[in-house]
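Computation of the quantities below employed the complete heavy-atom set of this structure, encompassing side-chain atoms and omitting hydrogens, waters and symmetry-equivalent molecules.
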Amino acid sequence: MNYRNFQKWQALIVLVAVFFWAGCGQTPQPVTTGPEGPATIETPESEQPITAETELPPVDDPLDAPAMAEDPTEDIAQTDPADQVRDELQEVAAVEDAEEVDRVITGDWPCWGGDGARNMANATTGFADIFTPNTPVEDPSRLSRIPEISIDDFNILWQMPLGSQTYGNPVVAGGKVYVGTNNGGEYRPQHVGDRGVLLCFDEKTGEFLWQLTREKLPQGRVNDWPEQGICSAPWVEGNRLWVVTNRCELMCLDTEGFRDGTNDGPYTDEVDTDLEDADIIWVLDMMDELGVFPHNLATSSPLVHGDLVYVLTSNGVDEAHLELPSPRAPSIIAVNKHTGELVWEDNTPFDRILHGQWSSPSLGVVDGQAQVYMAAGDGWLYALDAETGEHLWRFDLNPKDSRYELGGRGTRNYIIATPVFYENSVVLAVGQDPEHGEGIGHIYRIDATKRGDVSPVTEDNQPNPNSAQIWHLGGIDQDGSMTGEPGMEAFRRTLSTVAIHEGLVYAPDLSGRIHCIDFETGRRYYEADVMAAIWGSPMVADGKVFIGNEDGLISVFNTGKELKMASMIEFPSSIYSTPTIANGVMFVSDRSQLYAIGTR
């Protein structure tokens, strides 16, 4: 039942109570008291109360009923109030039945982005009206006029504590919900203090099932930043999941943990083997076995295709940000998903890594060939053959005259967002560590059918005849024709992965601005400022765009070329993740809580 119909039911219930408690205009019958207590008065069958469960004959639409007569006696004779209530109940039930028939409920959301294309769009319908206030917004283009609605006002199916800081995105598969966080929830009492944690909950009830617990690396923040926990979103397939830990390990886990009564292998040396602990199938330590030096944290969300699982390694610079300790270590690897054996690796961009590599791989199939996309630490996007790792094409997302400077003061950026594959093209934007603050950014749509260097210009900054650029938005708006203010950034650095839906691209930037861009032409239709930093990505579903921010608000926009904001949902703490919709339920993780929100 949606919010509006719920209110209608409430009004009808009150109406029923008024009519029947007052006797519907009849003279109340006295209740006599005898030795056995109050006497029971039998109500004639014709006067039995009408409820939502009462089987009623079909009636005409109550909206077509005649207006109330002047004479109350005449009115009672013509229109029985109970009939009016009955008609209203039937009307609401009919509307809800029709909505349920027309509603689309998608299934699981088993990985970051839902599938390998990583497009943040969900086909679920028939729920978004619960996020729209009953009172129409006077001017939906003026965000300061949009009402804030507390999350407590919604149908919270269940709510469970996470760690003290949560950057992982909820993944839902096989009746379970998985979220990466830190150890602030203290679900496993034997583990005290800072840890990297992957939590598993029952999808329907929120019951805690098991926890993967990983100790912090001894090197400290240069490789494993304090309190960040596990940021990787797992990929779930059947009874197996793959995740990257804070210790730069690629792990395969049994989704049942030890609750199935067996220690599945080949890895059987787990320290924690209780029912509420994770059962590790295999582990690949990318630091020990591949020489990777993760800068600050390993964060990649795995990609699974066929028998292979792909991750970016987060290889990066040293603590002083001056040297690259392991330039020959791989930046991307492909591993047998069953055994954990390395199939291929690639160390591009070698010694050109600017800072860290915190993106995640995505997948597209072009002319029958599967391409894996790696957004690398040099600001280039690389397309590799999924089976062999052969380079297919590469694209520089920065102007050739841009320069990288420590602390974010320069104009050249690397990439944190995940590439999105859509209609034989890739949409991707550049960014930097959010601690570096705001700065000039760029977003591109790139043709994925070409080969070689497909950058907009050549190395000597001349137009590239082989360019795969379809459109570009970014740089400085010199004349103000785009932003309305000369000299303003047309697009800014971002951490966010885009959502593409019905010919429009929804692209947030770190500064808190949402850009609505034409997918075909790159024309920007609007820019909306939510007045708080955005770390997560948008989710598009049922005609709405949902995007969380650092102030703990989820802004809800109507889809379309015109800026129309529906509402803002207030959570108790910051939202650094992306809303997930699975099996008719929305899952949201704020800084320290996981919410399952009913969409009916």
Side-chain angles (χ1 to χ4, degrees), residues 162-168 179-199 211-233 243-251 270-272 278 280 283-301 311-331 333 347 351 353-360 377 404-409 414 416 431-437 495 535 550 574 576-577 591-592:
L162 301 174
S164 60
Q165 295 186 43
T166 301
Y167 300 92
V179 185
T181 184
N182 67 19
N183 196 41
E186 297 183 344
Y187 283 96
R188 306 300 293 128
Q190 71 268 37
H191 289 286
V192 179
D194 195 7
R195 301 284 191 277
V197 163
L198 178 70
L199 293 172
Q211 169 178 306
L212 171 68
T213 311
R214 305 308 291 164
E215 293 187 356
K216 302 294 286 184
L217 288 170
Q219 296 91 335
R221 67 181 57 213
V222 63
N223 295 137
D224 190 359
W225 198 269
E227 303 296 340
Q228 304 299 289
I230 289 177
C231 296
S232 172
V243 68
V244 172
T245 75
N246 56 293
R247 296 179 63 88
C248 199
E249 303 159 314
L250 172 59
M251 280 190 169
E270 293 94 341
V271 175
D272 304 310
I280 302 171
V283 56
L284 174 61
D285 189 321
M286 293 182 282
M287 294 182 73
D288 286 351
E289 299 182 44
L290 303 177
V292 171
F293 189 89
H295 184 79
N296 291 159
L297 195 67
T299 63
S300 180
S301 296
V311 296
L312 271 63
T313 64
S314 298
N315 194 43
V317 299
D318 63 4
E319 191 164 15
H321 298 80
L322 298 176
E323 303 291 338
L324 194 66
S326 301
R328 298 184 183 279
S331 295
I333 58 174
N347 67 1
D351 60 357
I353 297 173
L354 302 174
H355 189 193
Q357 301 188 105
W358 298 298
S359 182
S360 297
Y404 180 75
E405 296 182 24
L406 292 179
R409 293 183 295 272
Y414 39 94
I416 297 177
Q432 289 195 30
D433 183 333
E435 288 194 347
H436 292 178
L495 314 180
W535 290 48
E550 198 170 28
S574 300
Y576 296 115
S577 61
R591 190 181 182 97
S592 59

Looking only at heavy atoms, what is the nearest atom pair of [X] and [Y], with distance?
X	Y	value
L495	Q432	CD2-O, 3.3 Å
E550	Y576	OE2-OH, 3.3 Å
T181	G163	OG1-N, 3.0 Å
P226	R221	CD-CB, 3.7 Å
D318	V222	C-CG2, 4.0 Å
L354	Y404	O-CE2, 3.6 Å

Look up atom [atom1] in [X] and atom [atom2] in [Y], then write down how far apart they are to the nearest 0.5 Å.
X	Y	atom1	atom2	value
T166	E227	OG1	CD	11.0 Å
Q228	S164	CD	OG	9.0 Å
W225	L217	CH2	CG	14.5 Å
C231	L198	SG	CG	11.5 Å
T313	L250	OG1	CG	11.0 Å
S314	I353	OG	CD1	10.0 Å

With side chains defined as the heavy atoms from C-beta onward, is the minimum distance between [X] and [Y] less than 4.5 Å?
X	Y	result
C248	N223	no
L284	I333	yes
N246	L297	yes
L322	L406	yes
Q219	E319	no

Report the residue from R247, H191, R195 that forms a side chain to side chain contact (heavy atoms under 4.5 Å, CB included) with R214.
R247

Of D272, V197, I230, the residue whose pairing with L212 passes side chain to side chain contact (heavy atoms under 4.5 Å, CB included)
I230

Is it the case that the side chain of [X] and the backbone of [Y] share a donor-acceptor pair, with hydrogens and angles ignored and the cut-off at 3.5 Å?
X	Y	value
N347	A329	no
E186	G184	no
S300	S360	no
S592	L162	no
N315	S331	no

Look at the rings of H436 and Y414 and say which category their plane angle falls in: under 30° parallel, 30 to 60° tilted, over 60° perpendicular.
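Correct class here is perpendicular.
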
Can you list the steps and then say if W358 with N296 is a side chain to side chain contact (heavy atoms under 4.5 Å, CB included)?
CA-CA 10 Å; W358 298 298; N296 291 159; 4.1 Å; yes

Mind listing the side-chain donor-acceptor pairs of residues 285-294 below 3.5 Å, one per line with the distance, residues two or more places apart or on another chain?
residue: D285; atom: OD1; partner: M287; partner atom: N; Å: 3.0
residue: D285; atom: OD1; partner: D288; partner atom: N; Å: 3.0
residue: E289; atom: OE2; partner: D285; partner atom: N; Å: 3.4

